[in-house]
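Below you'll find the structure, written out as structure tokens, and then a few comments.
Basis for what follows: all heavy atoms, side chains included, without hydrogens, waters or symmetry-related copies.
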Amino acid sequence: MRTVTASDPATVSAAKVATKLATEDATEDVGEHVDVEIRNVVIEEVVEEVVPMDRAHTIPTVESNPAAESAPGAMPAGDASTREAVLSSLLRHGELTAAELAKLLGVSVQAMRRHLRGLEVDGLVQASTTTQGPGRPSNRWQLTAKARARFPDGSEDFALGLLQSMAHALPAHTIEQLLTQQAHQKAAAYRAHIGPGPLQQRLQQLVELRRQEGFVAECSPDPEGQGWLMREFHCSVMRIAEQFPCVCDQELRLIRETFPDCQVDRVHWRLEKGHSCGFRLRPFAEAAHVEATQP
């Protein structure tokens with residue numbers, strides 16, 4: 001084993017070891033074997049920094065828990081499947097600590113914490129700090145709404161089945177009345193969120209709302225100089241609209257009621273032809289002027 005002297009740079013680096021050991025994730029519940037894991041990692045980092053390590057020799061370190069690292073089905077750190085397994089485990093259990101997740105998936109706590117930090121950066125998990133008895137506070141991890149949206153959602157099939165049942169049990173005008181009422185309510189919610197302002201600003205806010213609902217939308221000035229165009233290249237209710245085109249009439253009604261100060265016309269309809277749906281919006285004063293000047 002290499003002898004360390006007072007003048008050796010490794011002696012100076014000992015302070016770094018102590019500092020890291022004292023501060024490394026002070027607010028996380030890292031389980032019984034985490035201090036061992038941290039010590040091994042930090043010692044290796046410092047020695048590697050001071051003297052390039054000859055991999056033919058080993059540095060004696062405190063033994064970690066081999067059970068977690070050699071458990072059946074353990075996956076290599078950094079593997080995308082580990083990230084998916086973390087998300088699935090949190091979905092099933094609600095919330096877990098890094099140590100609990102590491103035990104479930106058969107990986108080291110140090111590796112699990114790296115996965116959790118990456119998932120946190122991606123907005124897929126979040127931690128809440130709790131204190132249970134003496135000792136360090138615990139970080140308990142749970143899924144975000146963004147992560148839950150990654151899992152299959154059968155709401156579209158349910159809505160389609162519901163409309164099919166309604167179509168068999170109710171007259172057509174009743175279904176149209178229900179869709180109209182739904183458009184009234186949604187338009188009111190849009191207007192409350194968008195608020196007052198110039199047409200361009202309100203349109204951009206609506207586009208953002210539609211994106212959050214699964215539409216791929218954009219707005220731009222009308223190239224013919226007649227207001228603004230809003231186009232939707234992906235419709236989150238396309239499967240429903242294919243069987244119930246009256247849903248498209250509801251969408252047109254929805255845009256008109258969201259912008260009651262504008263004349264709204266459909267200029268593209270994906271069910272008819274093309275690859276998008278489009279709406280032209282013109283303030284009523286401008287629309288009246290355009291119509292007055294046309295022959």
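- Annotation: side chain of Arg83 is in contact with side chain of Asp122 (closest heavy-atom distance under 4.5 Å).
- Taking 4.0 Å as the cut-off between side-chain N and carboxylate O, Glu100 and Arg140 count as a salt-bridged pair.
- Here CG of Leu170 is found 10.5 Å from CD of Gln177. Values are rounded to the nearest 0.5 Å.
- With contacts defined as side-chain heavy-atom distances shorter than 4.5 Å, the pair Phe279/Arg256 does not qualify.
- Put simply, the side chain of His93 does not reach to within 4.5 Å of the side chain of Leu101, judged on heavy atoms.
- Contact between Ala147 and Leu124 at its shortest, heavy atoms only, is CB-O, 3.1 Å.
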Determine whether Arg266 and Cys248 satisfy the following criterion, side chain to side chain contact (heavy atoms under 4.5 Å, CB included), listing intermediate values before the conclusion.
CA-CA 10 Å; Arg266 179 188 284 128; Cys248 296; 3.7 Å; yes
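- The CG atom of Leu281 sits 7.0 Å away from the CE atom of Met230 when rounded to the nearest 0.5 Å.
- Linking ILVMFWY side-chain heavy atoms closer than 4.5 Å, directly or via other members, places Leu203 and Leu252 in a single hydrophobic cluster.
- Distance check, rounded to the nearest 0.5 Å: CG of Leu105 to OG of Ser89 gives 4.5 Å.
- Screening residues 229-275 for ring pair (Phe, Tyr, Trp, His ring centres under 6.0 Å), with sequence neighbours left out, gives Phe233-His275.
- Legend: residues meeting salt bridge (charged side-chain N to carboxylate O under 4.0 Å, His left out) with Asp249, ordered by chain and number and at least two apart, are absent.
- Expressed to the nearest 0.5 Å, how far CG of Leu199 lies from SG of Cys262 amounts to 4.5 Å.
- Taking the side-chain contact (heavy atoms from CB on, under 4.5 Å) definition, one finds that Ala127 meets it with Asn139, Trp141, sequence neighbours left out.
- Partners of Gln200 under the side-chain contact (heavy atoms from CB on, under 4.5 Å) rule, at least two apart in sequence or in another chain, are Gln204, Trp228.
- Between Ile194 and Gln205, the closest heavy-atom pair is O-OE1, 2.8 Å.
- Evaluation of the side-chain contact (heavy atoms from CB on, under 4.5 Å) rule for His193 yields Leu209 as partners, not counting sequence neighbours.
- Applying the salt bridge (Lys or Arg N to Asp or Glu O under 4.0 Å) rule to pairs touching residues 186-207 yields Lys186-Glu213, Arg202-Asp261, sequence neighbours excluded.
- Residues in residues 159-168 take part in these side chain to side chain donor-acceptor pair (under 3.5 Å) pairs, two or more places apart or across chains: Gln164-Gln243.
- Clustering ILVMFWY residues whenever any of their side-chain heavy atoms sit less than 4.5 angstrom apart, transitively, puts Val264 in the very cluster that holds Val207.
- To the nearest 0.5 angstrom, Cys277 atom SG is 10.5 Å from Ile255 atom CD1.
- When the side chains of ILVMFWY residues are joined at heavy-atom separations under 4.5 Å, either directly or via intervening members, Phe158 and Ile240 end up in a single hydrophobic cluster.
- Partners of Arg150 under the salt bridge (charged side-chain N to carboxylate O under 4.0 Å, His left out) rule, at least two apart in sequence or in another chain, are Glu84.
- Scored by the salt bridge (charged side-chain N to carboxylate O under 4.0 Å, His left out) test, Glu176 finds no partners at all (sequence neighbours excluded).
- In terms of heavy atoms, Arg210 sits closest to Ala217 at CB-CB, 4.4 Å.
- Residue pairs that meet the salt bridge (Lys or Arg N to Asp or Glu O under 4.0 Å) test with at least one member in residues 162-175, sequence neighbours left out, do not exist here.
- For Ala183 against Leu254, the heavy-atom pair with the smallest separation is O-CD1, 3.7 Å.
- Scanning for salt bridge (charged side-chain N to carboxylate O under 4.0 Å, His left out) contacts around Glu257 gives an empty result, with sequence neighbours left out.
- Residues Met112 and Leu91 share a single hydrophobic cluster, defined by chaining ILVMFWY side chains whose heavy atoms lie under 4.5 Å apart.
- Between the CG atom of Leu104 and the OG atom of Ser88 there is a distance of 11.5 Å, given to the nearest 0.5 Å.
- Residues Gly123 and Thr144 approach most closely at O-OG1, 2.6 Å, considering heavy atoms.
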Go through the steps to decide whether Arg282 and Asp222 satisfy the test salt bridge (charged side-chain N to carboxylate O under 4.0 Å, His left out), and finish with yes or no.
CA-CA 9 Å; Arg282 292 181 293 177; Asp222 185 353; over 6 Å; no
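- Checked against side-chain contact (heavy atoms from CB on, under 4.5 Å), Pro171 has the following partners two or more places apart in sequence or in another chain: His173, Thr174.
- Closest of all the heavy-atom pairs between Ser128 and Gln142 is OG-NE2, 3.8 Å.
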